[in-house]
Amino acid sequence: MASYSSRGVHGQVVHRLGSRIVCGEYAEGDTLDVKALGEELDVSLTVLRESLKVLAGKGLVDARQKRGTFVRPRSAWNLLDPDVIRWRTESGDSRQLMQDLADVRAIVEPAAAYRAALRRTEADLAALDAALAQMEESRGDSAAAAEADAAFHRALLAATGNELLGRLELLLEPGLRERDRLVHSHLTAADPVPSHRAVLSAVRDQDAPRAQFAMLDLLAQAADDFGLIAPRLTPPAARTPGRPD
């Protein structure tokens with residue numbers, strides 16, 4: 001799904017204000033001067049209010065009578081939202097974000113691969129085969145490769161036969177897409193096809209322990225890829241607070 005901030009005038013306003021909040025230019029509890037923002041951004045109050053509604057849906061702002069529109073604490077933000085993930089990356093928070101994502105994947109995906117090997121159906125295998133074929137065809141096209149990668153992991157979660165695990169794609173996929181964008185924008189990463197093929201082979205053979213270990217190997221490769229670019233990313237401490245857009 002495309003992020004909201006890729007769409008039109010509303011999207012541009014959402015992006016500018018959202019990124020300012022996430023980067024710390026507006027602090028928790030700050031009240032936003034809606035009229036002044038409308039004049040600064042050269043948009044109507046209607047456009048600005050609609051944009052603030054989008055940010056409210058992401059947990060970044062709230063509005064109260066007599067107080068106005070104010071910035072909510074980080075604990076209220078929807079940290080799984082694709083735009084919030086992108087803004088965190090732009091603000092220099094990539095390392096922590098990717099470390100958190102790696103921790104979540106290490107907890108979820110090896111266990112999911114184990115269960116997928118025990119419960120997969122022929123339809124699941126067909127979906128995994130299609131995603132892997134798409135990965136092979138997408139070599140050299142980072143955007144298409146990221147789509148194929150997401151499709152593979154989505155199909156693997158679905159193959160567990162557990163509806164709740166299947167819906168974890170909503171948690172993992174935005175972060176995975178941002179990780180792929182970061183890695184491919186900085187280097188030519190290791191070919192991901194062999195590690196994914198090893199997972200699929202074990203799932204096809206219904207060898208649950210092998211599927212689990214193959215996923216651990218896949219995650220180790222992903223960690224190595226990101227480790228190569230991590231030193232190039234700006235840590236939050238190195239940024240200047242209140243840096244303008």
Side-chain angles (χ1 to χ4, degrees), residues 1 3 58-59 74-75 77-86 88-89 93-121 123-132 134-135 145-184 189-227 229-230:
M1 178 185 295
S3 65
K58 299 176 185 295
R74 183 185 176 93
S75 59
W77 298 356
N78 178 5
L79 297 177
L80 303 178
D81 180 271
D83 286 324
V84 176
I85 287 173
R86 175 62 63 88
R88 285 185 65 187
T89 300
D93 198 15
S94 299
R95 293 192 202 181
Q96 187 60 55
L97 173 62
M98 292 299 115
Q99 186 173 31
D100 289 348
L101 175 64
D103 285 345
V104 172
R105 295 184 72 189
I107 292 168
V108 172
E109 293 197 280
Y114 186 100
R115 285 162 177 76
L118 298 176
R119 302 172 181 173
R120 93 294 186 276
T121 65
D124 293 324
L125 291 177
L128 288 163
D129 279 328
L132 187 63
Q134 186 181 355
M135 289 179 72
E147 288 292 333
D149 195 315
F152 184 94
H153 290 274
R154 189 185 312 125
L156 186 71
L157 289 170
T160 65
N162 183 309
E163 287 185 328
L164 296 182
L165 277 173
R167 298 307 286 167
L168 284 181
E169 67 171 280
L170 300 175
L171 184 156
L172 294 175
E173 194 164 315
L176 283 172
R177 290 179 184 277
E178 188 61 17
R179 176 207 166 274
D180 286 344
R181 187 190 71 82
L182 284 169
V183 169
H184 290 293
D191 184 357
V193 171
S195 59
H196 286 74
R197 183 183 291 117
V199 173
L200 174 53
S201 175
V203 169
R204 190 188 310 280
D205 293 344
Q206 297 186 298
D207 188 334
R210 180 156 60 91
Q212 183 174 28
F213 282 115
M215 179 56 73
L216 288 169
D217 286 342
L218 186 157
L219 295 177
Q221 177 181 311
D224 287 345
D225 287 342
F226 190 77
I229 69 166

Within the structure provided, determine whether Leu170 and Leu80 are in side-chain contact (heavy-atom separation under 4.5 Å).
no
Please check: side-chain N/O of Arg115 versus main-chain N/O of Gly161, any donor-acceptor pairing under 3.5 Å?
no
Between Pro174 and Glu169 the two heavy atoms that sit nearest each other are CD-O, 4.1 Å
Go through the steps to decide whether Leu157 and Asn162 satisfy the test side-chain contact (heavy atoms from CB on, under 4.5 Å), and finish with yes or no.
CA-CA 8 Å; Leu157 289 170; Asn162 183 309; over 6 Å; no
Taking the side chain as everything from C-beta on, heavy atoms only, tell me whether Gln221 gets closer than 4.5 Å to Asp225.
yes
Under a 4.5 Å cut-off applied to non-hydrogen side-chain atoms, are Leu172 and Glu109 in contact?
yes
Could you grab the distance from atom CG of Leu118 to atom CG of Asp207, nearest 0.5 Å is fine?
9.5 Å
What residues, two or more places apart in sequence or in another chain, satisfy side chain to side chain contact (heavy atoms under 4.5 Å, CB included) together with Phe213?
Leu216
Closest heavy-atom pair, Gly175 versus Met98, reported as atoms and distance to 0.1 Å, is O-CE, 4.0 Å
On a heavy-atom basis, the closest approach of Val203 and Ala116 is CG1-O, 3.9 Å
Sidechain-backbone polar pair: Arg105 side chain, Leu219 backbone, donor-acceptor under 3.5 Å:
no
For residues Ala117 and Ala211, report the shortest heavy-atom separation together with the two atoms involved.
CB-CB, 4.0 Å
Can you measure from CG (Asp191) to NE2 (His196) and round to the nearest 0.5 angstrom?
10.0 Å
So that I can tick it off, tell me whether Arg204 and Asp129 are bridged by a salt bridge, with the cut-off set at under 4.0 angstrom between side-chain N and carboxylate O.
yes
NE2 of His153 to CG of Leu218: how many Å apart, nearest 0.5 Å?
5.0 Å
Please assess Gln96 against Arg88 for the test side-chain contact (heavy atoms from CB on, under 4.5 Å), listing each intermediate value before the final yes or no.
CA-CA 9 Å; Gln96 187 60 55; Arg88 285 185 65 187; 4.3 Å; yes
Indicate yes or no for a side-chain donor-acceptor contact from Thr160 to the backbone of Leu156 under 3.5 Å, with no hydrogens or angles considered.
no
What distance separates Gln134 CD from Glu147 CD, expressed to the nearest 0.5 Å?
7.5 Å
In terms of heavy-atom contacts, Leu128 and Phe152 come closest through CD2-O, 3.5 Å
Taking Asp124 for its side chain and Thr121 for its backbone only, find out whether a donor-acceptor pair lies under 3.5 Å.
yes
So how far is it from Leu176 CG to Ile85 CD1, rounded to the nearest 0.5 Å?
9.0 Å
